[in-house]
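In what follows, chains are A, B, ... by sequence order, proteins preceding strands, each numbered from 1.
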Amino acid sequence: MIEGLLPQLDIVRKDFPILERTLAGGLPLIYLDSANTSQKPQVVIDTMVDHLERHNANISRAMHQLGAESTEAFEAARDKVAAFIGAPSRDEVIFTKNASEALNLVANSLAWATGDLAIGPGDEVLITEMEHHSNIVPWQLLTERKGATLRWFGLTDDGHLDLDGPQGIDELITERTKVVSFTWVSNMLGTINPVAEITRRAHEVGAIVVVDASQSAPQMPTDLAAMDPVERPDIIAFTGHKVVGPTGIGVLWGRGDLLAQLPPFLGGGEMIETVRMERSTYAPIPHRFEAGTPPIVEAVGLGAAVDYLGELGLSAVRDHEHAITAYALDGLATVPGLRVLGPLDAAERGGAISFEVDGVHPHDIAQVLDARGVAVRAGHHCAKPAHARFGVQSSTRMSSYLYTTPAEIDALVEALEYTRSYFKLG
Amino acid sequence: MTDAPGQDLDSLYQEIILDHYKNPLHAGLRDPFEAEVHHVNPTCGDEITMRVHLDGGVVGDVSYDALGCSISQASCSVMADLVIGKPVEEAMAIHESFLTLMQGKGQVEPDEDVLEDGIAFAGVAKFPARVKCALLSWMAWKDATTQSQGQTQEATNG
Ligand SMILES: Cc1ncc(COP(=O)(O)O)c(C=O)c1O
């Protein structure tokens with residue numbers, strides 16, 4: 001018996017209807033692609049259907065009963081998300097389309113910022129080599145447009161940020177640093193980064209800290225209010241579909257006074273206080289950053305999703321992921337010619353494990369695994385620079401979640417053995 | 001209903017494909033050449049650098065450096081072997097025929113006289129996600145050949 005698994009895993013799995021389906025040829029589904037998108041529990045599906053069936057109306061602008069119900073459901077979702085991340089204030093939670101939009105919102109607003117927040121020649125934005133493209137490209141755009149300089153932390157051979165080397169934290173975080181943006185947990189290497197340490201150092205030089213929480217929010221407890229303010233990021237972003245919520249909804253949390261200082265991102269309905277032909281004034285946060293009709297039912301679904309995770313308990317989810325990841329690392333180590341990219345100790349990583357197998361391309365691995373019902377991801381996982389760092393062009397990635405069982409990991413390992421024999425390797 | 005992937009692995013991974021994958025023909029980058037192109041498959045990151053040399057209206061050489069899966073590597077090997085030594089016009093017709101096969105969703109009957117080993121890719125057409133893998137090198141070849149023709153044209157025009 002493996003320690004740390006979610007109690008009553010069988011019953012938890014029943015919450016996810018898709019896990020019951022079979023694939024072509026009657027094969028059971030073995031879904032190991034949750035870092036890409038997670039599956040949805042029945043309660044999320046039902047909540048969304050119920051909203052559409054019974055409460056659908058636009059929010060804030062409808063004076064009728066349905067409008068009030070819809071607005072209430074939407075704003076209740078904001079409260080739930082705030083509770084999920086321990087936001088110091090619920091008004092600091094802004095709904096976006098996804099994590100990418102949240103990160104772009106920040107980078108664009110900073111490009112338009114004046115005064116203290118303005119970024120220009122001589123200023124630096126610091127990112128890392130393990131970022132998802134969504135946390136690289138917006139900063140490239142910002143620094144290119146403003147004539148600022150983009151810098152980044154490199155990686156150690158075992159897949160950690162190189163904070164202690166000659167191009168480490170002492171060298172890279174300086175008076176010139178205006179923004180430090182990095183991922184809490186890597187979607188490719190799995191690495192868990194030292195958010196508190198980097199944030200403290202960045203705050204010492206007055207930089208704004210943005211943390212991409214897309215991979216941490218699903219599998220680790222987040223309690224912003226409990227963090228020491230000097231170690232608390234100024235902004236975090238994550239995406240709804242990885243926390244058992246629907247697609248089309250993401251979250252930006254930002255320190256209230258910082259958000260209030262940032263110029264608006266999109267202009268339109270909902271984000272204004274008053275509009276005259278010459279000029280407008282803007283609504284306070286969160287609405288200031290939510291122009292137009294938002295993804296209402298998606299937000300409501302996300303509210304149900306984070307409630308669901310809250311009921312399971314994020315510490316229990318983290319323990320489960322840790323146990324499954326350790327079990328998977330052991331299993332993968334038995335496959336000849338297999339090399340894991342990233343930390344080999346489950347305590348230092350999340351539940352996404354990327355690997356290579358000598359002599360078989362990741363596409364071909366994923367194809368053969370698919371023929372056995374095992375769904376994984378193959379490619380660069382939107383982290384091309386991190387792949388380049390390890391001298392590989394692509395990799396295969398298995399990613400577990402709260403519903404993953406040890407038997408599914410066994411099936412993966414067995415399917416990898418089969419892949420090797422299919423391609424006549426040893 | 002199309003065949004679901006998984007039922008039909010062997011139709012995807014034909015023996016010929018695996019042979020070309022293990023022992024690719026015409027691999028490596030060579031001189032002379034008039035055009036060199038670099039193509040990538042943005043979804044998976046497969047990459048190819050390809051050179052084409054035209055010799056009086058005939059494909060004199062196709063040389064390449066490719067990184068990718070078995071389907072993309074084998075397809076490149078088959079393509080190079082098919083077009084080298086052929087008049088450009090005929091090679092373009094082969095290209096067209098391969099494209100039709102790949103875009104045929106498994107409904108197109110391949111012509112072995114035209115495509116030779118290329119018929120082994122008929123099964124790939126049933127796996128939409130892999131069609132791009134099979135086409136990467138062919139698209140690169142067409143691009144490089146068109147550029148080479150431009151070069152040769154300029155040279156003749158002085
Ligand atoms: C670390 C990380 N950042 C950002 C994203 C982008 O999320 P989305 O595509 O939902 O915007 C992802 C997921 O793909 C991710 O894993």
**OP:** Return yes when atom CH2 of B/Trp138 has more than 12 non-hydrogen atoms of other residues, nucleotides or ligands closer than 6.0 Å, and no otherwise.
**Re:** yes
Subject >> Residue A/Lys97 excluded, over 12 heavy atoms near NZ under 6.0 Å >> reply: no
Original post:
NE2/A/His361 to OG/B/Ser72 distance, rounded to the nearest 0.5 angstrom?
Top reply: 6.0 Å
**OP:** Specify the closest pair of heavy atoms between A/Gln393 and B/Glu47, including all atoms of both residues, with the distance to one decimal.
**Re:** NE2-N, 3.5 Å
Original post:
In Å, rounded to the nearest 0.5 Å, how long is the span from NE2 of A/His363 to CD of B/Gln73?
Top reply: 12.0 Å
Original post:
By a 4.5 Å heavy-atom criterion (distance strictly below it), what part of B/Tyr21 contacts chain A: side chain, backbone, both, or neither?
Top reply: side chain
Original post:
Is it true that atom CD of B/Glu109 has more than 12 heavy atoms of other residues, nucleotides or ligands lying nearer than 6.0 Å?
Top reply: no
**OP:** Decide yes or no for B/Leu12 and A/Gln367: does some side-chain heavy atom of the first lie under 4.5 Å from some side-chain heavy atom of the second?
**Re:** yes
**OP:** Locate the shortest heavy-atom distance separating A/Val368 from B/Leu9; write the atom from each residue and the value.
**Re:** CG1-CD1, 3.9 Å
Subject >> chain A contact via B/Asn41 - which portion, at a heavy-atom distance below 4.5 Å >> reply: neither
Subject >> Contact class of B/Leu18 relative to chain A, heavy atoms under 4.5 angstrom >> reply: side chain
